[in-house]
Asks: 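If you scroll down you'll find the structure; I have some questions about it.
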Amino acid sequence: MTSADSRPTPDSLASTLTERQREAVEYTDGPLLIVAGPGSGKTRVMSHRIAYLIGELDIPAWQVLAVTFTNKAARELRERCERLLGGDVPDLQVRTFHSWGSQVLRREGGRVGLEPGFSIYDDDDQIRLMRQILDQLKVDTKRYAPRAILGIISDAKNILLDAQHFEPSVGSYFEEIASRAYELYEKRLREANAVDFDDLLLITHRLLDSNIDLLETYQRRYKHLLIDEFQDTNPIQLGLARLLAGGHENICVVGDPNQSIYSWRHADPKNMLDFKKFYPNAKIVALDQNYRSTQTIIEASAAVIGNNQGRIPAELWTENPKGSPIVIAEAYTEEEEADLVLQEVMRLRDEDNVDLNEIAVMYRINAQSRALEVACNRHSLPYQLVGGLKFYERREIRDMIAYLRVVANPPDDIALERIINQPARGISAKSIDAIRSAARGLGTSEWELISDIEEPGHELRSALNKRAVNSISAFVDMIKFLADRSHQVSVTELIDVTLERSGYKRLIQEDQDRGDERWDNILELRGTANHLAGTSPREELLEFLEDAALVSAVDTMADDEEGLLTLITLHQAKGLEYDAVFMVGMEEGMLPHIRAMESAEDLEEERRLCYVGMTRAKRHLYMLRAFRRSFRGMSGASLPSRFLDELPEEFTVRENSIRTSSSRPRARQPESTVKTPMQVRAKLAAPSPVPAGPKTSYAPGEQVTHEKFGEGIIIAVDDDRGDQMITVIFKTAGQKMLSAEYANLTKVEKVKKPSKMRSQVDGFVDT
DNA sequence: TTCCCCACCCATTGG
DNA sequence: GGGTGGGGAA
């Protein structure tokens, strides 16, 4: 994909800006809110604005701070600024909030007891830590899931509630547990000289908020603030922005309330709507001309988003040609859905000359990527999966990072425990337990405890057997050696030494099945250490670890030249654009997702997600659904997404793919693919494998209506002592489990949709 | 002590 | 379908 507006408008001259855009670029005195619809040239405006500040107004580059949503967006924005300014601008700060916070904490964290080498705990680290804490509190981790507790803590942090202030607000036993866990969690993080993701923002905020001298330093430093994707900022980020802008109020925020899709991560779209409240004198510029998509796509997506109540009524328009209709297709299963996508992708590539890197398949949840991957492999089509099992989540990568983290920051207990016996060196789980509880007792980190285990009277020497003590001692020596080296050699060299000295290299090489692959991964990690720019080996190591902790999935996306089909979630696709976009899983329960069908707000966010997906497309948009989708091994039927119904018919063409598939030659199809129209198959499915109940019997796939819940479709039937327990997805009420005996369901005869489609179809899949 | 296998539990979206 | 944790065997 190319970034926001690479269509043939020359990017180098300010004169190419529209009047509106120019207004947004040149209004540099005081708060500015840019409401930028999709494809309205927002990145262009931001880069021109920065170039204008630096190039025209002679503002020193280091006085400008631009904040973006991902590192990738930061990289691209920087490149564009540099292109406009005609050279590198290393002093210009373009970062994500998290990486900016991290930078401030490295420098100023000493005031709250953070050493510069602090570790950043990610999801996995947090869960490991929380599990230990819950064990320590003798709490059953089955009843109180570490993830749930961490969720509560994160919620608290995001409304600036620290552990002490959280306690009085406790209203349930669950919160009581969470409160105690929160306190210990914070204590352990500090002992480990570590922070979590929330802390990167929270502690930075606390630092600036309570140290007026620091705040003034930063306010003086950054004279101009730009914040992208403002609709997805959370309260702490807003707080940070307001602190920094205090005084000069040169704060320019860019966003689109209709693309706010991260409220579950505490993002608050109200930040955007309230901007005028914080800054009553704010100027507002609306960029509502779309340069990206065809008129069809723009109008159809406007119709969908128009169903949301609480939106800013900024109508997007375009001068682009009408383009071809949006293709809506139905497949029987997810495999067939994937196959349809692939057929059409290959047709686009071969007949319409669309580059694969200009095509993306988008879905609601990561699990949907599997069927697509399988199809890509079957058709030998090169693809890239964005997200999925991320590079940095692979075991060997995590292990290597853990080694380096211990070297950089020995008190990092979670990292230390990860590698102390990896490869196996005779330090058993029992020994580690003993170390951990002894360290807890002393209120120190595990490293501090074991680092002088050689001392004759060391308390662990009596608790552990001699072999264990020797092993631990050898481990301590190794870490000390590596820590010493870390001050002298490059990260690349440090990785090499670590691999040798730790025995990890041998461990990998002895892995018969996956050894080569894992070794390649390690080499790839080693390769990323090449472009570090620190001033000392130590700084480079910290930079390396920080990058590793803060990379996002999209940051690592392949370059356009590689010609890969992109498989990506709708969330990750925000900010990207493609010639052709396939949205799969357009079903009730999928998009909107089943867990977001309860409340009106959640539903509106799902609709915005749909809007984001649709507006990624420049020319071709396909929306597919599968009639049956397997989930947790089981297969269930589903209704078409309500969002499909919201598309005006004039912009769409419906393709009954089932009939198409019968005429399509298949390479090798398992027996499951019966070549019958969907309606017929739904009837075939009716006498299901589920034992029939005594009275009216139901089966998955049948449509029913309920007095209260309305229209729905049965997705599962379980036999419960003669009575059938029926799981139904209702169009409005969501998923319900009902008793066949009492639910009083009425079966609905399948009504054939008027088949207007075949004749108008412009060759979708049907070659 | 380590490794392997099986059972069980889980799954929206992500920096 | 997949990851993890626990238990048993080597």
Side-chain angles (χ1 to χ4, degrees), chain A residues 67-74 95-102 120-124 126-128 131 135 141-142 145-148 151 154 158 195-201 229 232-234 236-237 260-267 334 362-371 373-374 386-390 392-393 395 421-432 465 467-468 471 507 510-511 546-556 568-574 585 589-598 602 605-606 608-610 612-613 629-635:
Chain A
V67 182
T68 57
F69 195 71
T70 61
N71 296 301
K72 178 174 186 282
R95 299 173 159 271
T96 64
F97 265 114
H98 286 90
S99 96
W100 182 77
S102 175
I120 298 170
Y121 276 15
D122 68 10
D123 243 36
D124 184 70
Q126 285 178 291
I127 287 172
R128 284 163 184 255
R131 187 157 277 140
D135 282 349
T141 51
K142 292 238 163 70
R147 216 179 264 285
S154 178
N158 275 278
V195 299
D196 63 21
F197 278 119
D198 291 327
D199 287 340
L200 290 175
L201 306 172
E229 306 283 9
D232 281 323
T233 51
N234 65 35
I236 310 181
Q237 291 169 332
S260 165
I261 52 175
Y262 282 94
S263 69
W264 52 276
R265 222 175 66 188
H266 309 109
E334 56 192 320
M362 301 179 185
Y363 38 83
R364 181 63 177 78
I365 67 171
N366 283 307
Q368 287 174 270
S369 67
R370 187 171 305 120
E373 279 194 276
V374 170
V386 181
L389 182 60
K390 290 172 212 116
Y392 284 92
E393 283 170 14
R395 171 175 296 168
N421 199 38
Q422 192 69 245
R425 47 173 75 89
I427 306 172
S428 68
K430 265 196 176 145
S431 305
I432 298 173
N465 67 41
R467 246 178 74 195
S471 301
L507 177 81
E510 282 166 4
D511 181 347
E546 180 175 307
D547 287 352
L550 298 181
V551 279
S552 71
V554 285
D555 295 342
T556 57
I568 191 169
T569 65
L570 288 163
H571 280 90
Q572 294 175 136
K574 187 180 72 167
M590 214 61 189
L591 183 69
H593 192 268
I594 185 81
R595 308 257 295 242
M597 287 166 77
E598 304 265 300
D602 286 353
E605 185 149 318
E606 296 294 299
R608 290 195 293 270
L609 198 50
C610 181
V612 166
R629 186 171 296 278
S630 59
F631 178 71
R632 267 185 180 170
M634 278 161 42
S635 168

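If you're wondering where the values come from, they're calculated on a predicted model, not measured in any experiment. These values consider heavy atoms only, across backbone and side chains, with no hydrogens, waters or symmetry-generated copies. A note on names: the letters A, B, ... follow the listed sequences, proteins ahead of strands, and every chain is numbered from 1.
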Asks: Take atom CZ of A:Arg364 and atom P of B:dG14, then tell me their distance rounded to the nearest Å.
Replies: 9 Å
Asks: B:dC3 P sits how many Å from A:Ile427 CD1, rounded?
Replies: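 Taking atom P of B:dC3 as the reference, CD1 of A:Ile427 is at 14 Å.
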Asks: Would you mind telling me which residue lines up with the more 5' stretch of DNA chain B, A:Val551 or A:Arg147, judged by nearest nucleotide?
Replies: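 Its nearest nucleotide lies further toward 5', so the answer is A:Arg147.
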Asks: Sticking with atom P, work out how far B:dT13 lies from C:dT4, rounded to a whole angstrom.
Replies: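 Comparing P positions in B:dT13 and C:dT4 gives a spacing of 16 Å.
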Asks: If you only use heavy atoms from C-beta on, which nucleotide in B:dT1, B:dG14, B:dG15 is closest to the side chain of A:Ser552?
Replies: B:dG15
Asks: Give one of base, sugar-phosphate or nothing for A:Tyr262, where a contact means two heavy atoms less than 4.0 Å apart.
Replies: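 Sugar-phosphate, backbone atoms only, no base.
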Asks: Kindly point out which of B:dT2, C:dG2, B:dG15 is positioned nearest to the side chain of A:Arg370?
Replies: C:dG2
Asks: Does a donor on one side chain sit under 3.5 Å from an acceptor on the other, for A:Glu229 and A:Thr68?
Replies: no
Asks: Quick one: do the A:Ser552 and A:Asp555 side chains pair a donor with an acceptor below 3.5 Å?
Replies: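 Indeed, the side chains of A:Ser552 and A:Asp555 share at least one donor-acceptor pair under 3.5 Å.
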Asks: Whole angstroms only, please: what is the CD-C1' distance between A:Gln422 and B:dC3?
Replies: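 Atom-to-atom, A:Gln422 to B:dC3, this comes out as 12 Å.
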Asks: Under 4.0 Å between a Lys/Arg side-chain N and an Asp/Glu carboxylate O for A:Arg364 and A:Glu606?
Replies: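 Between A:Glu606 and A:Arg364 there is a salt bridge, with a charged N closer than 4.0 Å to a carboxylate O.
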Asks: For the pair made of NZ in A:Lys430 and C1' in B:dT1, what is the distance, rounded to whole Å?
Replies: 10 Å
Asks: Indicate, with a heavy-atom threshold strictly under 4.0 Å, whether A:Asp123 touches base, sugar-phosphate, or nothing.
Replies: base
Asks: Taking for each residue the nucleotide of DNA chain B with the nearest heavy atom, is it A:Ala424 or A:Val554 whose nucleotide lies nearer the 5' end?
Replies: A:Ala424
Asks: Is the distance from OP1 or OP2 of B:dG15 to the nearest side-chain N or O of A:Asn234 less than 4.0 Å?
Replies: no
Asks: Sequence neighbours excluded, which residues qualify as side chain to side chain donor-acceptor pair (under 3.5 Å) partners of A:His266?
Replies: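 A:His266 satisfies side chain to side chain donor-acceptor pair (under 3.5 Å) with A:Asp155, A:Asn158 only.
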Asks: Any side-chain N or O of A:Asn366 under 4.0 Å from OP1/OP2 of B:dT12?
Replies: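 For A:Asn366, the contact criterion (side-chain N or O under 4.0 Å from OP1 or OP2 of B:dT12) is not met.
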Asks: Check whether A:Gln126 reaches the backbone of A:Asp196 with its side chain - one donor and one acceptor, N or O, closer than 3.5 Å.
Replies: no
Asks: When you check the side-chain N and O atoms of A:Ser431 and A:Ser428, is any donor under 3.5 Å from an acceptor?
Replies: yes
Asks: Once you apply a heavy-atom cut-off of 4.0 Å, does A:Asn421 come out as touching a base, just sugar-phosphate, or nothing?
Replies: sugar-phosphate
Asks: Output the single nucleotide from B:dT1, B:dG14, B:dG15 whose closest atom is nearest the side chain of A:Asp198.
Replies: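 Closest nucleotide among those given: B:dG15.
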Asks: Round to the nearest Å and state the distance from A:Ile261 atom CD1 to B:dG14 atom P.
Replies: 9 Å
Asks: Does C:dA9 have a Watson-Crick or wobble partner in any strand here, with both distances under 3.5 angstrom, and which is it?
Replies: B:dT2
Asks: How many Å lie between CD1 on A:Ile594 and C1' on B:dT13, as a whole number?
Replies: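 Spelled out: CD1 on A:Ile594 to C1' on B:dT13 is 15 Å.
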Asks: Distance-only, no hydrogens or angles: does the A:Asn234 side chain make a donor-acceptor pair with backbone N or O of A:Gln237 under 3.5 Å?
Replies: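 Yes: the side chain of A:Asn234 pairs with the backbone of A:Gln237.
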Asks: Rounded to whole Å, please give me the gap between OH in A:Tyr392 and C1' in B:dG15.
Replies: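 Those two atoms, OH and C1', are 14 Å apart.
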Asks: Students often get this wrong, so: under 4.0 angstrom with heavy atoms, is A:Arg131 touching a base, only sugar-phosphate, or nothing?
Replies: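 Sugar-phosphate, backbone atoms only, no base.
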Asks: With the side chain of A:Arg265 defined as its heavy atoms from C-beta on, choose the nearest nucleotide among B:dG14, B:dT1, B:dT12.
Replies: B:dG14
Asks: Between B:dT13 atom C1' and A:Arg608 atom CZ, what is the distance in whole Å?
Replies: 13 Å
Asks: With a cut-off of less than 4.0 Å, is there a side-chain N or O of A:Gln572 near OP1 or OP2 of B:dT13?
Replies: no
Asks: Are A:Thr569 and B:dG14 close enough that a side-chain N or O sits under 4.0 Å from OP1 or OP2?
Replies: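 Yes, such a contact exists.
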Asks: Of all the nucleotides listed (B:dG14, B:dG15, B:dT1), which has the minimum atom distance to the side chain of A:Phe197?
Replies: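 Closest nucleotide among those given: B:dG15.
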Asks: When you get a sec, tell me which of B:dT1, B:dT12, C:dG5 is the closest nucleotide to the side chain of A:Arg595?
Replies: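 So the side chain of A:Arg595 is nearest to B:dT12.
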Asks: Among the nucleotides B:dT2, B:dT1, B:dG14, which one has an atom lying closest to any side-chain atom of A:His571?
Replies: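 Per side-chain heavy atoms of A:His571, the pick is B:dG14.
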